[in-house]
Amino acid sequence: MITTTTRQHTLRGHLPGRHTARAASSVEHQAMLASRLTARDKWLLALLHEHRVLTSFQIQDAAFPSGRSARQRVRDLYLWRAVSRFQPFQQLGSAPMHYVLGPAGAAVLAAEHGLEVKDLGYRHDRAMAIAHNQRLAHTVGVNDFFTSLIARARHNTDEELAAWWAEARCARHFGDLVIPDGYGRWRTRHHGTTREVEWFLEYDTGTESLTKVGRKLAAYARLAESTGIATPVLVWLPTTRREAGARTALARVHAALDDPRAVPVATAAADLLDPTSPHPSPAEAIWLPLTSTRPGRAGPRYSLADLAGAWPGLAPPAVPSTEDSEGEAGDAAAASPYRLPPPSPIPPRATPNRIARGEH
C-alpha cells in the first residue's frame with residue numbers, strides 16, 4: 001500500500017501553461033507581448049495572416065537558421081497564443097505541425113496598423129478551419145513553393161524573392177477574370193546588373209483533369225488583354241510524367257489563343273529538383289517554356305532567373321499595386337476594406353530580445 005505521495009514540484013520545475021483565450025485578449029497580455037515580440041516574430045504573424053498556414057519546416061526555411069531555434073521560438077508564440085497549431089492525420093509517419101495566426105497575434109497585427117481585429121477579417125475559428133479544408137494540401141504545397149525560394153535567397157545575397165502574394169490577394173485584384181494560386185517576383189543581381197521576372201503560379205497536385213489545367217490559359221489571355229501586360233504563367237506539377245501530359249493539353253489551348261505571345265507559359269516538375277542541393281527550390285534550371293513544337297519532349301530548361309530570356313520581347317515587370325482601396329481592387333475588397341499590405345517575403349534580421357532570449 002502506498003503511504004506517501006511524491007509531490008510533482010519535487011520532480012521538476014513547473015512548465016509554463018498556455019494562456020486562456022480570455023487572458024490572451026486582455027490589456028495585460030498585450031502589454032506583455034510588447035516586451036517579447038521581435039521584428040521577426042511580427043513578420044511571421046503577418047506572413048501567417050497573408051498565407052493562412054505554414055508548417056514547421058516552412059517556418060524554418062523562411063526565417064530560422066535551424067530546426068531547433070524555429071521550434072523553440074514558435075513554441076513561445078504558441079504559449080502566448082500569438083499562433084495556433086494543429087497536426088493533420090497522416091497514414092504513414094506523422095505530419096509536421098501546422099501553424100495559423102492566433103488571437104493574440106491578430107490583435108498585435110491590428111494594433112500595429114491602428115485597426116480593430118474585426119477589420120482584418122480575422123476569426124480564430126475560421127483560421128483553424130483550414131485544418132479540415134479539402135484544399136489544405138494544395139495551400140501547403142503553394143506555400144512550400146515560395147518558402148523554398150525564401151530559403152534559397154536567405155543563403156544567396158545575389159537572389160531575392162521580391163514579392164509573394166497569396167491566392168486571396170490575387171483573387172481581390174484579378175478574381176473577375178482569373179484566380180492564380182499565387183503571384184511572385186524573383187530578383188537577381190549579377191555583375192552590377194539587376195534582373196527581375198514575375199509570374200502567376202498554377203500549382204497542380206495531380207488531382208485536376210489536364211483539360212481543366214489547359215482551359216485556364218484562356219482566362220489568363222483575357223487578363224492580359226484587359227491589363228495590356230504579358231505576365232508569365234508557371235505551371236508546377238508533381239512529376240515529369242504529369243508534366244508531359246499537361247504540356248500537351250496546354251499547347252493545344254495555347255495555340256488557339258488570339259495572341260499566344262500575351263500568355264508566356266513554362267512548366268516544371270517537383271521530381272526535377274536536385275535532392276542533394278543544400279536548398280532545392282524552383283529557382284533551379286528546371287523550367288521548360290511552352291515553345292517547342294513537341295510539347296512532351298524534354299529540352300533545354302531555364303533557371304527562374306533566366307526564364308524571361310526565353311520569351312523575346314517580354315516587357316520587364318512593372319511595380320505591382322498593393323492598394324486594395326483603389327482601382328479594381330476596391331470593390332473586390334469591400335467586405336474587408338482594411339486589408340494589410342502584403343508582407344515582405346524576406347524576414348527582417350534577427351534581433352535577439354533580452355527577455356525573449358532569456359526564456360529560450
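One N or O on the side chain of R247 and one on the backbone of L288 form a donor-acceptor pair closer than 3.5 Å. Proximity of a side-chain donor or acceptor of N143 to a complementary backbone N or O of V140 within less than 3.5 Å is not detected. A donor-acceptor pair under 3.5 Å is absent between the side-chain atoms of S94 and the main chain of Q90, judged by distance alone. Using a distance-only test at 3.5 Å, with no hydrogens or angles considered, a donor-acceptor pair links the side chain of Q87 to the main chain of A95. With S148 contributing its side chain and D144 its backbone, the two residues share a donor-acceptor pair below 3.5 Å. Between the E284 side chain and the S281 main chain, a donor and an acceptor come within less than 3.5 Å of each other. D61 contributes no side-chain N or O that, together with a main-chain N or O of Q58, makes up a donor-acceptor pair within less than 3.5 Å. At distances below 3.5 Å, not a single donor-acceptor pair connects side-chain atoms of R52 with backbone N or O atoms of T139.
Taking all atoms of both residues into account, the shortest heavy-atom contact from W43 to P345 is CZ2-O, 3.4 Å. Considering every non-hydrogen atom in both L120 and H49, the closest pair reads O-CE1, 3.6 Å. Closest of all the heavy-atom pairs between P289 and P300 is CD-O, 4.5 Å. Counting all heavy atoms, side chain and backbone alike, A166 lies closest to H51 at CB-ND1, 3.4 Å. Closest heavy-atom contact between R169 and P341: NH2-C, 3.6 Å. Considering every non-hydrogen atom in both T188 and E159, the closest pair reads CG2-CG, 4.0 Å.
In this structure the side chain of L136 reaches within 4.5 angstrom of the side chain of H98, judged on heavy atoms. Here the side chains of W199 and V233 are not in contact, with every heavy-atom distance at 4.5 Å or above. Residues W311 and R261 fail the side-chain proximity criterion, which asks for heavy atoms closer than 4.5 Å. F174 has its side chain out of reach of R172: every pair of non-hydrogen atoms, C-beta onward, lies at least 4.5 Å apart. Residues E50 and L340 are not in side-chain contact: their nearest non-hydrogen atoms beyond the backbone lie 4.5 Å or more apart. For the pair L307 and L234, the minimum side-chain heavy-atom distance is below 4.5 Å. Between E243 and T240, some side-chain heavy-atom pair lies under the 4.5 Å cut-off. No side-chain heavy atom of V213 sits less than 4.5 Å from a side-chain heavy atom of E202.
Taken to the nearest 0.5 Å, the NZ atom of K216 stands 7.5 Å off from the CG atom of D204. Atom OH of residue Y122 and atom CG of residue L48 lie 10.0 Å apart, to the nearest 0.5 angstrom. Considering CG of L290 and NE2 of H254, their distance stands at 6.0 Å, rounded to 0.5 Å. The line from CZ of F145 to CD1 of I150 is 11.5 Å long, rounded to the nearest 0.5 Å. Interatomic distance, CZ of R215 versus CD of E208, reported as 9.0 Å (0.5 Å rounding). Here the straight-line distance linking atom CG of L177 with atom CD of E225 works out to 9.5 Å at 0.5 Å rounding.
Of the charged side-chain nitrogens involved, at least one lies within less than 4.0 Å of a carboxylate oxygen, so that R195 and D306 count as a salt-bridged pair. A salt bridge links R189 to E160: one of the charged nitrogens lies within less than 4.0 Å of a carboxylate oxygen.
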Item to check | Intermediate values then yes/no, side-chain contact (heavy atoms from CB on, under 4.5 Å), M32 and H29 | outcome: CA-CA 5 Å; M32 181 275 291; H29 188 72; 3.4 Å; yes

Next on the checklist: Assess the residue pair R301 and L272 against the criterion (side-chain contact (heavy atoms from CB on, under 4.5 Å)); give the C-alpha distance rounded to whole Å, side-chain angles, the decisive distance to 0.1 Å, and a yes or no.
Outcome noted: CA-CA 11 Å; R301 294 184 181 261; L272 291 170; 3.4 Å; yes

Next on the checklist: Set out, in order, the CA-CA distance, both residues' side-chain angles and the distance that settles side-chain contact (heavy atoms from CB on, under 4.5 Å) for M97 and R71, then state yes or no.
Outcome noted: CA-CA 10 Å; M97 199 65 72; R71 288 190 298 272; over 6 Å; no

Item to check | Step-by-step side-chain contact (heavy atoms from CB on, under 4.5 Å) determination, L149 to L304 | outcome: CA-CA 10 Å; L149 289 174; L304 192 57; 4.1 Å; yes

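Centroid-to-centroid, the aromatic rings of W287 and W236 come within less than 6.0 Å.
The hydrophobic cluster containing V253 also contains V178, counting ILVMFWY residues as joined when their side-chain heavy atoms lie under 4.5 angstrom apart, directly or transitively. Under the 4.5 Å side-chain heavy-atom criterion for Ile, Leu, Val, Met, Phe, Trp and Tyr, L201 and I179 are members of distinct hydrophobic clusters. When hydrophobic clusters are built by joining Ile, Leu, Val, Met, Phe, Trp and Tyr residues whose side-chain heavy atoms come closer than 4.5 Å, directly or via intermediates, V142 is not grouped with F57. W165 and I229 end up in different hydrophobic clusters when Ile, Leu, Val, Met, Phe, Trp and Tyr side chains are linked at under 4.5 Å. Hydrophobic clustering, with ILVMFWY side chains joined whenever heavy atoms are under 4.5 angstrom apart, keeps F86 apart from L101.
The stretch residues 206-226 participates, sequence neighbours left out, in these ring-ring contact (aromatic ring centres under 6.0 Å, His included) pairs: F200-Y220.
More than 12 heavy atoms of other residues, nucleotides or ligands lie within 6.0 Å of CG in D259, so this atom counts as buried by the packing criterion.
When L44, V83, L47, T147 are each tested for a side chain to side chain contact (heavy atoms under 4.5 Å, CB included) with I59, only one passes: L44.
Between the side chains of S209 and T211, no donor-acceptor pair is found at a separation under 3.5 Å.
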